[in-house]
Each structure stands twice: as structure tokens, then as C-alpha cells.
Amino acid sequence: MIGARTAFSSLMFGLLLLAGMGAHALAAEDFTAAVQSLNAKNFTAKGEAIEAVAATGHDRSVVVLRAMLDGRLYYRKKDRRVVIVERLDKGFRLTDAATGETLGEVGKRKVRKIAINNKLRKRLRAALARLSLAHHDPRVRHQSVTEMLASVTPDTIPLLESALARETDEAVSELLRTALALAALASTDREQRLQALRTLEGNIQPEVANRIRRLLDKEKDGAVRAAAQRALTAIEDKLKFYGFLETLFFGLSLGSVLLLAAIGLAITFGVMGVINMAHGELIMLGAYTTYLVQALMPDHLEYSLLVAIPAAFLVSGLFGIAIERGVIRFLYGRPLETLLATFGISLLLQQLVRTTISAQNVTVANPQWMSGSLEINPVLSLTYNRLYILLFALLVFIVLLLILKKTSLGLQVRAVSQNRAMARAIGIRSGWVDAMTFGLGSGIAGVAGVALSQLTNVGPNMGQAYIIDSFMVVVFGGVGNLWGTLVGAFSLGVINKFLEPWSGAVLAKIVVLVFIILFIQKRPRGLFPQKGRSAEH
Amino acid sequence: MLLKRLYESDRGGMILLAALLLAAIVVPLLNLAVPESSPFHLSTYTVTLLGKYLCFALLALALDLIWGYCGILSLGHGAFFALGGYAMGMYLMRQIGERGVYGHPVLPDFMVFLNWQELPWYWHGFDMFWFAVLMVVLVPGLLAFVFGWLAFRSRVTGVYLSIITQALTFALMLAFFRNEMGFGGNNGLTDFKDILGFSLQADGTRVGLFLASAIMLALAYLACRFIVNSRLGRVVVAIRDAEDRTRFVGYKVERFKLWLFVFSAVLAGIAGALYVPQVGIINPSEFSPLNSIELVIWVAIGGRGTLYGAALGAILVNYAKTYFTAALPELWLFALGALFVLVTIFLPRGLVGLVQGRRKPDRPPPRDETPSGETPATTGGPGA
Amino acid sequence: MKTLDRLREHLRRDRVFDFMLPKVVFSPALDTRHGPILYLEGVTVSFDGFKALNELTLYIDDGELRCIIGPNGAGKTTMMDVITGKTRPDSGSVYFGQRIDLLRLSETEIAQGGIGRKFQKPTVFEQHTVFENLELSLAGPKGVWHTLFARLTPAQRERIDEVLEIIGLTAQRHRPAGVLSHGQKQWLEIGMLLMQSPRLLLVDEPVAGMTAQETERTAELLTSLAGRHSVVVVEHDMEFVRTIARKVTVLHEGRVLAEGSMDEVQNDPRVIEVYLGE
């Protein structure tokens with residue numbers, strides 16, 4: 001599979017190369033000549049050759065100059081052809097420097113290195129930097145300036161200034177100004193250093209803080225030290241702020257997972273008062289449905305999740321209805337027995353998956369659009385999968401809210417949950433409503449499973465990890481209140497993530513647990529209790 | 001006189017005690033006095049297995065006391081069992097002394113392995129048996145006290161309480177998995193050598209532990225029976241059936257629940273302490289919520305609210321588990337899952353209820369702790 | 001604004017960690033020198049904005065038999081909940097005698113202090129026999145340790161027999177309470193109240209679901225109790241109220257609408273309007 005893909009891409013590459021050749025035949029000739037002149041007798045001539053190569057603007061000029069800088073540029077003794085070598089155990093593998101054509105492997109004695117000195121190295125570096133700064137793609141320019149940040153010296157200033165003058169992209173210009181200021185930090189002129197520090201104040205490029213710290217180590221001038229300190233504090237404040245944002249994002253992301261896991265429970269437990277210990281396993285079934293969907297349509301990975309969501313809803317929903325009709329129906333009004341029976345069901349479902357699919361975890365692939373991350377600045381990036389799942393959780397919440405508020409099923413569900421006998425008396429088929437409500441809650445658990453399959457391992461035990469947390473969310477938010485579940489999930493997620501840095505993940509979990517136990521002391525009916533005399537009973 | 005008062009109409013309990021007495025005489029004889037070649041010889045493995053069952057029976061008894069009689073369904077009783085086990089394990093660990101792999105005179109192997117320099121403060125004193133025994137009682141008791149005090153005084157009842165107890169044992173499991181806790185992390189405590197100077201490998205010691213378990217179970221049964229037959233027992237059942245009523249009659253419901261819970265936790269801790277030297281290991285998986293909930297099914301199958309039924313259920317289910325996991329390992333979890341479903345639907349009073357059901361038709365079946373407002377309407381006798 | 005209120009409610013020390021408050025020493029000497037045994041003053045209870053009790057002020061005299069009537073939702077049961085400590089009011093004060101602040105006591109302490117309550121639905125210990133039900137309700141120490149070793153004294157046995165006689169369940173003494181008829185359960189519950197020897201009895205709908213004969217006996221029972229005990233009866237059955245009532249209080253929308261003898265109340269135009277308007 002992978003082999004085929006590589007073969008295909010190299011074929012394409014070859015074709016492109018052929019197409020390019022005709023058009024640039026002349027340019028190629030000049031370039032070849034320039035490269036050949038790198039193998040000059042003396043360093044002065046070599047220096048001129050470097051400039052000549054750089055001046056062609058040829059795509060390969062970067063490769064050639066980089067190879068020269070790294071000491072991999074050789075010439076073949078028999079025809080003095082300039083080549084790039086790759087060191088092997090015995091001898092070298094050669095590539096034609098000008099064309100990139102492979103020339104096979106030869107012994108060490110057949111080639112000789114093109115020698116360079118420090119002056120040439122400097123020249124090479126400058127030429128390489130110029131080339132990359134002049135690249136037509138702003139992303140490449142951005143990348144190269146970022147790389148240069150670590151090594152800017154006052155010598156680079158002219159180069160950077162000329163690049164800045166030409167630059168059209170705002171982000172790259174900004175980065176270039178940062179680089180200039182960094183270079184100015186090493187200036188001997190006190191005024192320039194102060195000016196540079198003013199520019200760098202609050203700049204969160206990681207290199208900036210390092211440089212200022214190093215400056216503080218040796219700087220003697222009081223005013224500069226004070227300015228440096230101020231700049232550093234501003235940077236650290238900003239970093240702290242972005243760190244806070246990142247933790248917040250992680251917290252919200254955990255909250256969205258908790259919300260997805262708990263929201264189905266909020267219906268079955270909160271609205272119907274049924275304790276379903278197999279809820280976690282319904283989530284697991286959803287995740288396995290995703291796995292099966294991907295196995296059935298391996299060529300359409302990108303759409304697999306869109307198919308998996310309704311499929312998982314159906315699978316888990318049907319299982320849920322079966323559980324309700326087969327077991328729970330006989331146990332209404334006996335909550336502890338319901339708890340035990342559904343726990344039994346959770347064991348059965350786990351074992352079912354173990355025997356029919358596998359006892360090991362299975363791999364669920366992330367589609368392309370779910371991977372990668374949204375980079376907001378050098379220190380803050382949000383991964384797409386978490387971002388999408390956060391949005392998805394909110395979407396599910398809203399849809400559910402609408403179902404309960406606007407549809408006739410929702411109306412009947414609320415009626416039955418408030419007064420079963422009365423609802424039956426006015427002609428609501430309470431059995432049917434129970435089954436549908438339970439199916440809805442279970443189906444949402446399945447949908448949650450699809451989302452979770454994109455974040456965590458999918459295995460027979462995965463449901464267990466969520467069941468306690470989900471109950472905590474529902475209890476914390478207040479039973480029977482969907483908004484409470486929303487607030488509960490996000491606050492528990494955020495609290496957890498903010499505790500983690502100073503207590504570790506496990507302790508954070510324990511602390512949250514203790515917090516909830518204490519919280520129940522204060523508000524036994526959760527954040528948003530249903531008040532009233534009937535709620536007292 | 002007192003005995004007569006205690007055991008009138010407790011035929012099941014008498015049978016249990018008689019069976020324990022018989023086992024306490026026959027098992028040591030068959031193991032120690034009958035030669036190995038004889039078909040009547042009982043292997044030490046079997047003796048240990050039986051001892052293990054007795055520990056589980058004791059644990060089931062502890063749970064039945066609070067669930068069957070007071071309606072508190074604890075899904076975290078395994079935590080108290082494990083804590084008792086850890087306290088005993090720490091004593092056994094300290095007894096190893098220089099015989100460990102690293103030969104350190106004080107530090108257990110895992111601490112040497114983690115490059116610890118000295119014993120953490122909470123490991124001090126565990127070289128003394130009396131101290132360990134004290135901790136076996138105190139640690140689970142104290143945890144139950146603090147937890148129960150918080151939970152009961154804020155009127156956390158029914159399924160809420162169950163879920164929170166489950167969360168408790170889950171949290172403890174996570175904590176004990178950590179190496180930094182100083183309880184051996186993943187691997188727990190193991191490689192024990194001897195107890196009170198007797199080698200744990202010796203047949204005599206194993207038989208001794210079996211006897212200790214049998215005696216402890218008998219004593220615990222007597223204590224529980226005394227409690228449930230006293231007025232305290234009637235108050236506790238009253239709390240189960242009509243908590244608000246009990247409160248308005250003037251009983252401090254929270255205190256009754258709390259002390260019963262603590263007593264039950266202590267029994268569970270003792271069961272754990274007897275269990276560990278017999279199986280030779282204690283690790284964090286004992287805290288797993290699954291263990292605690294499995295325990296609930298032992299009691300449910302035996303028949304809750306009967307004490308001897310719980311003990312019987314524990315022994316039966318564990319025998320079945322031993323048999324199944326050896327013969328049909330795949331099937332065990334299916335069987336266990338099915339047991340949960342079937343027993344709750346078809347056998348709400350367990351095996352004991354099946355037998356007893358014909359004898360006492362006029363007593364309504366025991367109920368869950370349901371929110372008080374609903375009780376009279378949803379269940380109850382023919383009068384309702 | 002609403003959030004702020006909610007936050008404030010969170011931070012109220014007396015509502016949150018009441019164990020942090022200094023404990024009032026419960027004075028067993030009930031002080032009724034000024035007449036009333038129970039004072040409710042300006043009691044307000046609201047559930048999500050709905051005011052179940054609205055500035056309710058009510059006094060019950062020592063030894064009085066008081067009937068409280070009112071349409072559904074008038075706040076009768078909520079009032080009972082407040083007196084017995086089940087519901088804490090948002091504002092107002094509730095005193096038992098001159099000195100005992102009921103709002104500071106738990107349900108149990110209130111019960112032990114001498115206020116007994118019969119629920120709307122008959123609530124007895126269905127698993128226990130009638131005898132055991134009464135035994136559990138005995139006045140006296142009710143600590144955990146005490147109950148573990150408690151034995152019945154001959155005097156206590158006599159007391160139980162006496163109450164069994166009063167409530168007419170002597171023949172059923174060893175039957176489980178769960179198998180009693182509805183009316184018998186009601187009586188048993190009243191019997192349990194008597195065992196507690198309370199100073200104040202709160203009786204919620206004692207004759208609901210009773211036959212005419214049973215109702216009559218209940219009326220006799222309650223009137224015989226007045227004098228030694230103060231009795232508050234909440235009832236819907238007007239006929240029943242007429243047979244026992246000396247003084248009637250009408251509740252409406254959480255406050256007292258009218259008070260007086262049955263005839264006075266029945267002729268009060270506001271009362272008529274409320275009952276006809278329903």
C-alpha cells in the first residue's frame with residue numbers, strides 16, 4: 001500500500017521534472033555551469049561561484065549550497081563532475097549536484113571533497129538565508145525566519161533589512177522585525193539594545209525569552225537591565241495567559257467528552273430516574289460501530305464518521321430499547337435492583353465484544369480533517385479533533401434540548417417523568433414513551449462513542465472509565481436538568497485540568513471526587529436542583 | 001438464656017454455625033492427619049481455597065448487614081476489604097526483613113527498587129503484629145466513619161450513595177496504583193515469608209489460617225445476629241423501610257447508619273486481613289469497582305437480609321467462579337452478567353427466599369431504600 | 001441579580017454547614033407560661049418563586065385541638081414540614097414554647113423534644129409487627145448504644161399494651177404492620193405518636209380512606225387526646241372537622257385567611273369565595 005503510493009508519487013515527480021526541463025533548459029545550462037564553478041582552485045573563486053549559484057535562483061541551488069555547507073559537496077576525480085554524496089559504510093552514493101540525477105555508488109578514493117573555509121561558510125550561510133528569505137511561498141519564508149531566530153547576529157542585520165523591505169506578508173514582516181530586534185540585542189550600542197528591548201516586550205517567540213535571559217546574565221548597564229527585566233516579565237505574563245487559555249481549552253475539551261458521556265445518562269437517569277450502569281457499554285458499542293463502519297468502507301475514511309454517527313445512534317439505541325423492554329421495565333421503582341441488573345448487562349456486553357471482535361483494543365483511524373491543529377500563535381495551538389468534538393458536543397446538546405422542548409415525544413417524556421399515572425390516564429402510552437426515551441438516551445451514548453473513538457483507545461473496557469464520571473456530572477449538575485449537566489460537565493472538566501499541573505492527573509481525579517462529595521454536603525440536589533415539595537420526596 | 005433468645009427461629013444460622021464447626025474439625029484432620037496417598041486427603045491448596053471462601057463469606061456478611069438490613073447498598077465495600085488486606089500485607093512485608101531480593105534489613109524490595117532511602121512514616125509500627133491488627137480495624141473503620149459521616153449527614157441515599165461509594169473505591173484504586181503512594185504500586189505487596197514466626201508455606205500455618213477464618217466468621221455471625229435481633233436491629237430495619245418515619249419517631253437516623261456502616265467496614269477489613277496471608281498477595285486490583293459489585297451479587301444470590309444467606313451466597317458463587325474460570329473462562333463473565341440480571345428479576349430474595357418463601361407467606365419482601373415519599377404507594381403489604 | 005441571590009444563598013453559613021453553628025442547649029423545660037405552645041411568625045417558604053408559605057403567622061395554645069383546613073396548595077403540609085424541621089423556611093421564626101427555636105433543631109431533636117407527626121399517607125414500619133412498631137416509638141433514650149442492649153421493662157410493656165388497647169389493635173399485636181388495613185395503619189401511626197408522649201401532635205389527614213365507623217372512632221380518639229396534648233389536625237373532610245373542631249384556621253395561598261369557630265369560618269365571605277372559586 002505504502003510502497004505503491006511512493007512509487008506513484010515518484011512517477012509523478014519524474015513527469016513534472018520532464019515537463020519542467022524543456023522550459024528551463026537554458027536556465028538549467030547556466031545553473032550547471034555555476035555549480036561546476038564551485039570546484040574552483042582558490043577560495044576567492046569559490047566565493048564568487050557561490051554568489052553565482054545563488055543568483056540563478058534555481059530550485060536546486062539551496063540543495064547544492066546546503067550540501068556544500070555540510071561538507072557533502074565533492075567532485076568526481078575522473079571527470080571533475082560536482083556531486084553531492086551520501087556516506088555509506090563503504091564509499092559514497094553520488095548524486096549529480098546540478099541535476100539531481102543519481103550516479104550510483106563509488107569507493108572513497110574515486111571522489112574528493114570540495115574544501116571550504118570559515119569565510120566561505122559565512123558566505124554560504126548568508127546566501128542560503130537570502131535564498132530562503134526570497135522564496136516565493138510565504139510559509140517557507142516564515143519557516144526560515146523562525147529557524148534563523150536562534151542564530152541572528154549583528155552581521156545578519158543587512159540581510160534581514162533588505163528582506164524586510166521586500167516582504168509583503170504581514171506575519172513574515174513581523175517575524176523579521178523580531179529577528180532584527182534580536183540581532184540588535186547583541187549590539188554594542190546601548191541605545192540600540194534599549195530600542196530592541198522595547199520592540200521585544202511581550203513577544204512570545206520562545207527564542208526571544210531565551211535571548212533576553214542570556215542578555216540579563218551578562219548585561220552591566222542598569223537601564224538596559226531594567227528594560228530587559230520589564231520585557232521578560234511582559235513575556236512571562238503573556239505566556240502565563242496563553243498557558244491559561246490552553247489549560248482552559250483542555251478543560252473544555254475534557255468537559256465536552258464528559259458532556260457527551262453524561263448527556264445520555266441525564267436523560268435515562270435524570271428524566272426517567274433509571275440507573276443504567278450499562279451506559280458506558282453503550283458508549284463502547286458506539287465506538288465499535290465506528291470501527292466496523294471504517295472496516296466496511298476503507299476507501300472512504302473521510303466520510304466514515306458521518307456514516308458512523310447515525311449508525312452508532314441506531315445500534316446503541318436499539319440495544320438500549322432491548323435493555324429497557326427486556327429488563328428495566330420489570331424493575332421500575334426499584335432503583336438498586338435496576339442498578340444491579342444493568343451492571344450485569346454491562347458485563348454481558350463487554351464479554352460479547354471480547355468474544356465476537358477482540359479482547360484487545362482496536363484502532364479507529366482519524367480522518368484527515370480531524371488531524372492537525374489550529375495554530376493561533378507560537379505557543380498556543382488547538383488540535384482539530386478536540387475542537388470538532390467540543391463543537392459536536394454542543395450540537396448534540398442543542399439538538400437534544402430541542403427534542404425535549406419542541407417535539408411531541410419530548411412533551412410525553414416530560415409528562416411521564418412528572419406523573420406516570422396521570423400521563424397514562426390522558427392516553428400517553430407510557431411503555432412506549434419509556435422505550436423511546438431510553439432508546440434516545442442510549443443512542444446519544446452511541447454517538448458519544450463515535451466522538452470518543454477519535455480521542456481515546458477503543459476497547460471492551462472503555463465504557464467503565466466513563467460511567468462514574470458521567471454519574472458525577474449528572475449528580476453535580478442536578479438530576480433532571482439538562483442545563484445542569486452542561487454546566488456540570490464543563491466545570492468538572494475545567495477544574496480537573498486546572499488541578500492536574502500541580503497535583504498530577506490521578507490526584508486531580510481524586511480531588512474532584514472529594515470535591516463532589518463535599519459539594520453534595522452543601523447542595524444535596526446538585527447545582528440546579530428541581531425545587532418544590534414533590535422534589536423533596 | 002441469652003443464646004436461646006438469640007437463636008430462636010434462626011435455623012439457617014444454626015446450620016451455618018454447625019457447618020463451620022464441622023469444617024473446623026474435619027478440614028485440619030483431612031489435611032494434616034490423613035496421608036497424602038489416601039483418597040480422603042485434602043490438599044493444602046484446597047484448604048487455602050476454602051479459607052479464601054470463608055473470608056469472602058465474612059465480607060458478604062458485612063455487606064448484608066448494611067444492605068439487607070439497612071438498605072445501604074455500598075458498591076465500595078471491596079475498598080474496606082482491601083485496606084484491611086493492605087494493613088496485614090504491610091505487616092507481612094516487614095516480616096520479610098533481610099530475606100528480600102535486595103536483602104535490605106528494613107526497606108521492602110519495591111522501595112529499594114524505587115531508590116527510597118528510608119521507610120515512609122506510615123510504614124512505621126507495622127513490624128509489630130498487634131499494631132497491624134489495630135490498623136486492620138482502625139483504617140477501614142476510620143475511612144468508613146469519615147465517609148459515612150459526610151454522606152449520611154447530607155442525606156445521600158439510595159443510588160446516589162451507591163455511586164459515591166463506587167467512586168470512593170475507584171479513587172482509592174487509582175491512588176494505590178501510584179508508586180509514590182508507597183504501597184508497591186501496580187504489583188502491590190507480595191513474596192511474604194511468614195506470619196508470627198510461622199512459615200506461610202507450611203501446611204500447619206495454612207490450616208491455622210483456615211481455622212482463624214472459620215472462627216472469625218462464626219464470631220462475626222454471632223455479633224451480627226446479636227445486632228439484628230436487638231432493638232438496634234429493629235431500628236435499622238425501620239430506617240430501611242421508612243427513613244422519615246424513624247426520624248420523626250426520634251431516632252438519629254444518621255448515627256445509626258454511620259455506626260452500622262463503620263462496623264460493617266471493620267468486618268470487611270478483618271476479612272481482607274485474613275485473606276491476604278492465604279492468597280499471598282494484595283494489589284490495587286482489589287479496589288476495582290468490579291470486585292465490590294461482584295460481592296453484591298454474592299449477597300443477592302444467597303438472600304439479603306438473612307446473614308447466613310449472604311455467607312452461603314459468597315461460598316456458592318465463588319465455588320462456581322473457581323470451577324468456571326478453570327473449565328470455561330470465556331463463560332464466566334457471561335454467567336456473572338446473567339446472574340445479575342436473572343437474580344434481580346426472578347429471585348429478589350435469593351436462594352434463601354426460595355426456601356423460606358413457603359414458610360412465611362405473610363411477611364412482605366424486604367425493600368430497597370427508596371425515597372420515603374414513594375414507599376407506601378409502590379410496594380408494601382396487601383393493605384396498601 | 002438572580003445569580004447574586006443564588007450565590008448569597010450558597011454562602012449562608014446557617015444553611016450550608018450548620019454543624020459549624022454553636023449548638024443550642026436543648027432545654028427540656030417547655031415554657032408555655034404565656035399560653036401558646038407553638039409560635040409561627042412571618043414564615044415564608046418558596047419553591048422556585050412559588051410561595052408555598054407567605055408570611056404565615058399562627059399560634060397554637062397549650063392543650064388545644066386545632067383544625068387547619070384549606071384548598072389544595074394552601075401550604076398545609078409545608079407548614080407541617082417547617083414545624084417538624086423537614087423544610088427550612090426562607091424567613092420567619094418558629095418557636096416551641098417560649099424558648100425552643102425549632103429552626104435550629106434537626107427533625108430528630110424536634111421529635112425527641114415533644115412534637116409528633118403523622119404523615120398524610122400512613123407510614124408505619126411494615127416489616128415489623130404492630131408490637132414492635134410501638135416498641136420502637138417508646139419515649140426514652142434513643143441512642144445507638146442504648147438500643148443495642150435495650151430490654152423492655154414491665155412498665156414499658158404495660159404502656160404498649162395500654163396503647164394497643166386505645167388504638168384497638170390488641171388482637172393484631174404480633175402481625176406485621178404491612179398486612180394491616182388502611183384504617184388500622186392510620187391508628188397504628190397515631191398509636192406510635194402516643195408512645196412518644198409528645199406535647200404537640202401534628203396529624204395530617206387522619207381519616208382519609210376510612211369508613212364512617214372508623215372515622216367516628218378516630219374523632220373520639222383525637223378529642224380524648226386534647227387537653228393532655230396539643231393537637232393540630234389538617235383535614236379535608238368538613239364533616240369530620242365539624243365533629244371535632246373547637247377552633248378552625250383556614251389557610252389560603254400560604255397565609256391565614258380566617259380563624260374562629262367552625263360556624264364563624266363557614267360564614268366568612270372570603271372563605272366562601274375561596275372554596276367556591278376552586
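Since the model is a prediction, treat every value here as computed from it, not as a measurement. Every chain is numbered from 1 and lettered A, B, ... according to where its sequence line falls, protein lines coming before strand lines.
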Between B/Phe147 and B/Ile164, is the side-chain contact (heavy atoms from CB on, under 4.5 Å) condition met? List the steps. CA-CA 10 Å; B/Phe147 180 84; B/Ile164 291 191; 3.4 Å; yes
Quick one: what part of B/Leu342 sits under 4.5 Å from any heavy atom of chain A, side chain, backbone, both or neither?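 Neither part, no heavy atoms under 4.5 Å.
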Less than 4.5 Å to any heavy atom of chain A: does that hold for the side chain of B/Ile293, its backbone, both, or neither?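 When you check distances to chain A, only side chain atoms of B/Ile293 fall under 4.5 Å.
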With a 4.5 angstrom heavy-atom cut-off, which part of [X] approaches chain B: side chain, backbone, both or neither?
X	answer
A/Leu348	both
A/Phe269	side chain
A/Leu339	side chain

Residues A/Glu500, A/Lys497: salt bridge by 4.0 Å N-O rule: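 Yes, charged N to carboxylate O under 4.0 Å.
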Only pairs of heavy atoms separated by less than 4.5 Å count here; which of A/Leu340, A/Val327, A/Asp469 has the most with chain B?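 Answer, by heavy-atom pair count under 4.5 Å with chain B: A/Leu340.
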Among B/Leu339, B/Ile297, B/Leu174, which residue has the highest count of heavy-atom pairs closer than 4.5 Å to chain A?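 With the most close heavy-atom pairs to chain A, the winner is B/Leu174.
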Who wins among B/Ala335, B/Ala171, B/Ala338 for the most heavy-atom pairs under 4.5 Å with chain A?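 Maximum pair count with chain A is reached by B/Ala171.
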Among B/Lys257, B/Arg247, B/Glu254, which one satisfies side-chain contact (heavy atoms from CB on, under 4.5 Å) with B/Ile239?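 It is B/Lys257; the other options fail the test.
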Taking only residues two or more places apart in sequence, or in another chain, which ones meet B/Arg178 in a salt bridge (charged side-chain N to carboxylate O under 4.0 Å, His left out)?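 Partners of B/Arg178 under the salt bridge (charged side-chain N to carboxylate O under 4.0 Å, His left out) test: B/Glu180.
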Below 30° counts as parallel, above 60° as perpendicular, anything between as tilted: where do the rings of B/Phe340 and A/Phe343 land?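 Rings of B/Phe340 and A/Phe343: perpendicular, over 60°.
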Which atom of A/Ala261 lies closest to which atom of A/Ser470, heavy atoms considered: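 That closest heavy-atom pairing would be CB-OG, 3.6 Å.
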